[in-house]
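First up is the structure itself, then whatever we jot down about it.
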Amino acid sequence: MEREIAWKSYTDETLSEVNSLSERYKAYLSAGKTERECVCEGIKLAKANGYSCIGKAIEEGKALKAGDRLYFNYMGKCFVLFIIGSQPFERGMNIIGAHIDSPRLDIKQNPLYETDGLVYMDTHYYGGIKSFQWVALPLALHGVVVKKDGSTVTVNVGEAEDDPVFCISDILPHLGQDQAKKTMAEAVDGEALDIIVGHKPLKGEEKDAAKANVLKLIKDKYGFEEEDFLSAELEVVPAGKARDMGFDRSLILGYGHDDRVCAYAQLEAMFSIKETPEKTVCCILTDKEEIGSVGATGMRARYFENAVAELMHLNGEDGELKLRRCLSASSMLSCDVSAGFDPAFAGAFEKKNAAFLGRGVCFNKFTGSRGKGGSNDANAEFMAKCRKIMDEGGVKFQTAELGKVNQGGGGTIAYICALYGMNVIDSGVAVLSMHAPWEVISKADLYESFKAYREFALKA
Ligand code: MN
Ligand code: MN
């Protein structure tokens with residue numbers, strides 16, 4: 001049973017929709033290279049589409065009405081959008097949820113040092129990376145430095161045409177004999193992923209003069225001192241924009257498709273809903289998925305549940321029991337990327353149950369590893385309902401597992417939301433080179449995912 005290639009069915013009109021959606025996505029992906037930037041850009045779009053801040057509604061104790069569009073920004077690192085439905089919350093919501101954090105290198109708290117005439121910043125990688133992929137390519141620095149007085153300095157270096165970039169060096173092949181004997185996991189040590197940030201000594205300085213020069217430049221441009229790195233969140237990411245890939249421009253090469261491609265498809269799905277839905281529709285864009293959904297802005301935190309409780313209060317549906325009923329009666333698509341079948345590494349996949357680029361949104365009944373360990377494993381009844389919604393909505397979809405049995409595995413936020421007793425299933429875009437600095441997706445899958453999330457939001 002092979003699933004159809006989505007491209008084959010597209011009319012000229014559909015193709016132009018695919019292309020314009022892809023252009024908007026590339027702009028979002030290029031502007032949102034950290035979770036904070038994704039929140040910023042996402043809320044800008046939400047406001048332009050008629051969403052207003054929940055905080056204001058709560059402050060004013062304003063009663064909700066069906067059709068209200070609200071956003072909830074939590075600590076600037078995750079956010080939730082709601083469209084209030086005509087039914088009470090207690091009947092359940094339709095939820096689409098993705099994550100906006102991506103693998104990267106985080107700058108350490110005491111990062112700066114000079115050795116042998118080069119100045120470095122020390123990093124600690126975030127999420128599952130292959131260290132050897134991060135050397136010898138242009139890198140940018142994004143993030144915030146918060147000073148003791150509470151003021152925040154925003155840093156973004158390496159993206160503008162005339163910006164400098166940073167880089168981690170690698171050994172030349174001529175002298176790479178020792179490295180070549182190592183396993184790929186050991187070839188570049190995680191501790192060795194330090195970016196070169198300078199080299200020119202400050203006149204009049206004797207010791208660490210190049211480091212002193214870097215600190216002076218930072219002080220002049222951003223107004224912060226070395227000690228301020230203690231309270232900073234600076235992320236090293238690949239420098240440059242998302243781009244079309246292939247002669248036919250059918251693919252997109254970009255940093256952070258996992259999981260911003262699903263996040264953006266969700267946003268577009270929300271903005272495309274002009275009617276007032278029966279059930280309240282909710283779009284979660286969470287942080288920290290790549291390190292286990294931990295922390296105050298990860299899916300395991302209660303920010304989402306608290307936001308729903310606040311809204312139910314404004315809607316005159318108070319009390320713990322009603323909140324529990326609302327959450328357990330809800331249905332959710334956990335929207336996260338899937339491993340695209342890669343002909344170059346065919347041995348890692350089981351072809352009948354693999355996600356192929358261009359065959360549409362991919363449903364993963366379960367993820368996990370070694371006997372489905374750590375997965376959500378959605379109910380057959382719920383998968384049947386999703387099939388029906390997709391078929392009736394004309395959405396091209398496929399189903400897959402993450403690779404061969406016992407080859408490895410992975411997880412998403414699905415099992416966390418399932419703790420409320422709601423039906424949850426994973427669905428998303430197939431990606432090549434997932435977690436590499438530059439990942440690949442098909443424009444057709446972006447489009448089908450957008451359609452899938454819209455249909456689910458309205459019909460589940
Ligand atoms: Mn993911
Ligand atoms: Mn991931």
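Both ligands and their constituent atoms are indexed starting at 1 by order of listing. One-based numbering along the sequence shown.
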Pro437 and its side-chain contact (heavy atoms from CB on, under 4.5 Å) partner, picked from Lys130, Gln133, Arg104
Gln133

Please list, in chain and residue-number order, the protein N/O/S atoms closer than 2.8 Å to the Mn ion (ligand 1).
His99 NE2, Asp258 OD1, Asp336 OD1, Asp336 OD2

Can you check whether Tyr71 and Tyr51 have ring centres sitting under 6.0 Å from each other?
no

In His435, which N, O or S atom comes closest to the Mn ion (ligand 2)?
NE2

Looking at Val237, Thr123, Ile168, Val165, which one forms a side-chain contact (heavy atoms from CB on, under 4.5 Å) with Leu139?
Ile168

Considering all heavy atoms of both residues, which atom of Trp438 and which atom of Ala239 are nearest to each other, and what is their separation?
CZ2-O, 3.3 Å

What do you reckon, are the aromatic ring centroids of Tyr264 and His257 less than 6.0 Å apart?
no

Within the 3.5 Å criterion, strictly below it, is a donor on Thr412 or Asp336 matched to an acceptor on the partner's side chain?
no

